[in-house]
Amino acid sequence: MTTAMLEIGDLHVSYGQVDAVRGVSLSLLPGQIVTVIGPNGAGKTTLLGAAMGLLPSKGTLRFEGEDVGGLDVESRVERGLCLVPEKRELFGELTVLDNLMLGAYSKRMNGSTLRSRLDEVYGRFPRLGERRSQRADTLSGGERQMLALGRALMSAPRLLMLDEPSLGLAPLIVQEILGIIRGLRNDGVSILLVEQNALAALESSDYGYVLETGEIALSGASKELENDPRVQATYLGGA
Ligand code: ATP
């Protein structure tokens, strides 16, 4: 049996009295894009925050078979987990290059590894290479998302968790970003994709979970979910 890349079991996360994630279990096999869709406030961001170790949680969390639930964020990054947050969290007054360098910060890297990571990012995102000396706050929305992805790639992740990468982007740019995400998967990076844009997410993923009020309401192969009448009625505009 293949060892799951990520295995979350009976995860609970609370903010004081608010139980934001209530007994979520999910798994992601190596080389998969798995999506979590659901409405505003369903607990999607909270789920990713807990998986990354940014929020305290109860339950089990295994990464490539290892129990990582007790590890701090940096140790999870060392093992190959990486999160691109919804707000991208770039440093607007710093250049593209400086933002990329910050992505390498938490992994001890020598100069030549750093250089080859940068070359790889510029190879994947030629526009970041062209704009390397430009301030991040002068980039377009799509370019900022590319920079957020590029910064994450500097840590050589094996599992990339993406929180609403399509947020605020025009449809054509969304398709471009999703194409990049599929390209990453083809190059061996597994992806956990959280999206409100259900159609785009299901079309780009292998398996999906529907999260509603902190619980998994439905799950299945993305193609099946796309055709599920409940998903169509609630998330695909009755299409
Ligand atoms: P969105 O798509 O709007 O980002 P989401 O599915 O990512 O939504 P979360 O942001 O994880 O949902 O929020 C889940 C629940 O937890 C919501 O009810 C939210 O109000 C609550 N919540 C989130 N962050 C906090 C916080 N820091 N303090 C208290 N409650 C919070």
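Just follow the structure's listing: the first ligand is 1, and inside any ligand the first atom is 1. Sequential numbering from 1 along the given sequence is applied to the chain's residues. No experiment lies behind these values; they were computed from the predicted model shown.
In terms of the ring pair (Phe, Tyr, Trp, His ring centres under 6.0 Å) criterion, residue partners of Y209 (sequence neighbours excluded) are, by chain and number, Y207.
Residue L139 holds its CG atom at 10.0 Å from CE of M146, rounded to the nearest 0.5 Å.
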| task | Take D19 and S14, measure what side chain to side chain donor-acceptor pair (under 3.5 Å) needs, and give me the verdict at the end. | result | CA-CA 4 Å; D19 296 326; S14 304; 2.8 Å; yes

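Electrostatic pairing of E120 and R117 counts as a salt bridge here, judged by a charged N lying under 4.0 Å from a carboxylate O.
Listed by chain and number, Y15, A20, P39, N40, G41, A42, G43, K44, T45, T46, E86, E164, Q196 each place a non-hydrogen atom less than 4.0 angstrom from ligand 1.
Both cation-pi conditions hold for R132 and Y122: the charged atom is under 6.0 angstrom from the six-membered ring centre and inside a 45 degree cone around its axis.
Checked by atom type, the side-chain pair S75/D72 shows a donor-acceptor distance below 3.5 Å.
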